[in-house]
Amino acid sequence: MIFTHDTEHALAIVVDLINTAPATSGAERLGGPTDLREFVERNRFSGIRTLSERDLARVLDLRARFQAVFEAPDVPTAVRLVNEVIGEVRTTPHLTDHDDYSWHVHFFAPGAPMGEHLAADCGMALAYVVAAGELERLRTCEAPDCARVLVDLSRNRCRRYCDSRTCGNRMHVAAYRARRREATAP
């Protein structure tokens with residue numbers, strides 16, 4: 001494990017959030033509060049009860065801002081972007097042990113709205129990545145027809161595809177077929 005469990009969980013949420021955008025998934029996957037509720041349940045957010053159009057608007061804004069961190073050309077730009085996100089929320093760090101997770105830190109106030117929850121925890125996770133000098137772990141899939149993002153948590157920083165079962169497998173099969181064609185060419 002490179003980062004703590006809660007940081008890795010927050011990074012997975014960031015990836016899932018960015019990958020709900022039309023540019024990465026082909027269609028808007030957060031089109032309304034019902035989609036947002038599914039996102040909350042899929043990512044096991046704690047303490048989120050009601051969701052509104054206002055929450056959705058804030059989450060969509062954060063999605064674009066988190067995407068910008070993944071696309072940052074350098075560390076100073078990433079630092080500025082992350083600081084803007086976490087600087088706008090009232091962080092209230094506290095230890096908690098809910099939903100069968102051991103002790104971990106939440107950065108949002110209990111009962112905080114969805115956008116504040118997301119900005120605080122996910123913003124801090126991105127801050128940890130940048131502070132650790134690991135910005136290159138925030139990537140876009142290398143498959144030519146895929147724009148999904150990923151966080152490379154592999155020990156040797158070798159992850160290239162958003163999903164080894166889809167893009168990774170497809171690219172490996174294409175490379176294998178190309179090698180076979182080269183081997184049989186006159």
Side-chain angles (χ1 to χ4, degrees), residues 1-21 23-25 39 42-46 58-99 101-109 112 114-168 171-172 175:
M1 181 171 7
I2 298 164
F3 301 105
T4 62
H5 162 77
D6 46 323
T7 298
E8 289 186 7
H9 181 249
L11 291 170
I13 291 169
V14 170
V15 166
D16 188 25
L17 177 61
I18 293 170
N19 289 337
T20 65
T24 56
S25 67
F39 173 79
R42 181 173 63 245
N43 287 289
R44 301 184 64 190
F45 279 85
S46 63
R58 176 74 170 127
V59 168
L60 294 177
D61 174 64
L62 285 167
R63 179 176 72 185
R65 296 169 79 186
F66 291 154
Q67 174 78 46
V69 175
F70 275 72
E71 295 171 353
D74 52 38
V75 172
T77 303
V79 167
R80 179 183 53 77
L81 294 167
V82 170
N83 279 340
E84 287 173 0
V85 169
I86 60 179
E88 293 174 2
V89 294
R90 174 182 47 110
T91 57
T92 312
H94 62 281
L95 285 166
T96 184
D97 67 337
H98 60 86
D99 299 328
Y101 290 118
S102 61
W103 291 106
H104 60 283
V105 179
H106 282 185
F107 291 95
F108 56 91
M114 176 66 187
E116 197 168 305
H117 182 139
L118 194 64
D121 271 6
C122 295
M124 288 303 300
L126 290 170
Y128 285 137
V129 170
V130 175
E134 301 287 354
L135 185 61
E136 71 277 356
R137 290 186 182 272
L138 307 179
R139 301 185 180 160
T140 300
C141 182
E142 290 184 19
D145 59 343
C146 184
R148 294 172 57 89
V149 300
L150 62 111
V151 176
D152 181 1
L153 296 175
S154 67
R155 195 176 309 206
N156 60 358
R157 296 180 176 100
C158 65
R159 186 168 171 207
R160 298 170 50 199
Y161 305 111
C162 63
D163 186 348
S164 60
R165 293 179 311 266
T166 55
C167 289
M171 297 306 296
H172 292 300

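As the structure is a computational prediction, the values presented were derived from the model and not from experiment. The residues of the chain are indexed from 1 along the displayed sequence.
- Under the 4.5 Å side-chain criterion, counting only non-hydrogen atoms from C-beta, Thr140 is not in contact with Leu150.
- Distance CG/Leu11 to CG/Leu138: 7.0 Å, rounded to 0.5 Å.
- Taking CE from Met114 and CG from Leu62, the interatomic distance works out to 9.0 Å, rounded to the nearest 0.5 Å.
- In terms of modelled atom types and a separation under 3.5 Å, the side chain of Arg137 and the main chain of Ser154 share a donor-acceptor contact.
- Here the CG-CD distance, from Asp121 to Glu116, works out to 10.5 Å after rounding to the nearest 0.5 Å.
- Atoms CG and OG1, from Leu17 and Thr24 in turn, are 9.5 Å apart once rounded to the nearest 0.5 Å.
- In terms of heavy-atom proximity, Leu81 sits nearest to Ala72 at CD1-CB, 4.3 Å.
- A donor-acceptor distance shorter than 3.5 angstrom exists from the side chain of Arg159 to the backbone of Tyr161, with no hydrogens or angles considered.
- For CZ of Arg155, the number of neighbouring non-hydrogen atoms (other residues, nucleotides, ligands) closer than 6.0 Å is 12 at most.
- The backbone N or O of Cys158 sits less than 3.5 Å from a side-chain atom of Asp152, completing a donor-acceptor pair.
- A donor-acceptor pair is defined here as one N or O able to donate and one able to accept, closer than 3.5 Å; no such pair exists between the side chain of Asn19 and the backbone of Ser25.
- To the nearest 0.5 Å, the span separating CZ on Arg65 from CD1 on Ile18 amounts to 13.0 Å.
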Report the C-alpha separation of Val75 and Val130 in whole Å, then their side-chain angles, then the decisive distance to 0.1 Å, and conclude whether the side chain to side chain contact (heavy atoms under 4.5 Å, CB included) test is met.
-> CA-CA 7 Å; Val75 172; Val130 175; 4.1 Å; yes
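- Rounded to the nearest 0.5 angstrom, Cys167 SG and Arg160 CZ are separated by 11.5 Å.
- Here ring-ring contact (aromatic ring centres under 6.0 Å, His included) pairs that include residues 123-157, with residues two or more places apart or in two chains, number zero.
- A donor-acceptor pair under 3.5 Å is absent between the side-chain atoms of Arg58 and the main chain of Leu118, judged by distance alone.
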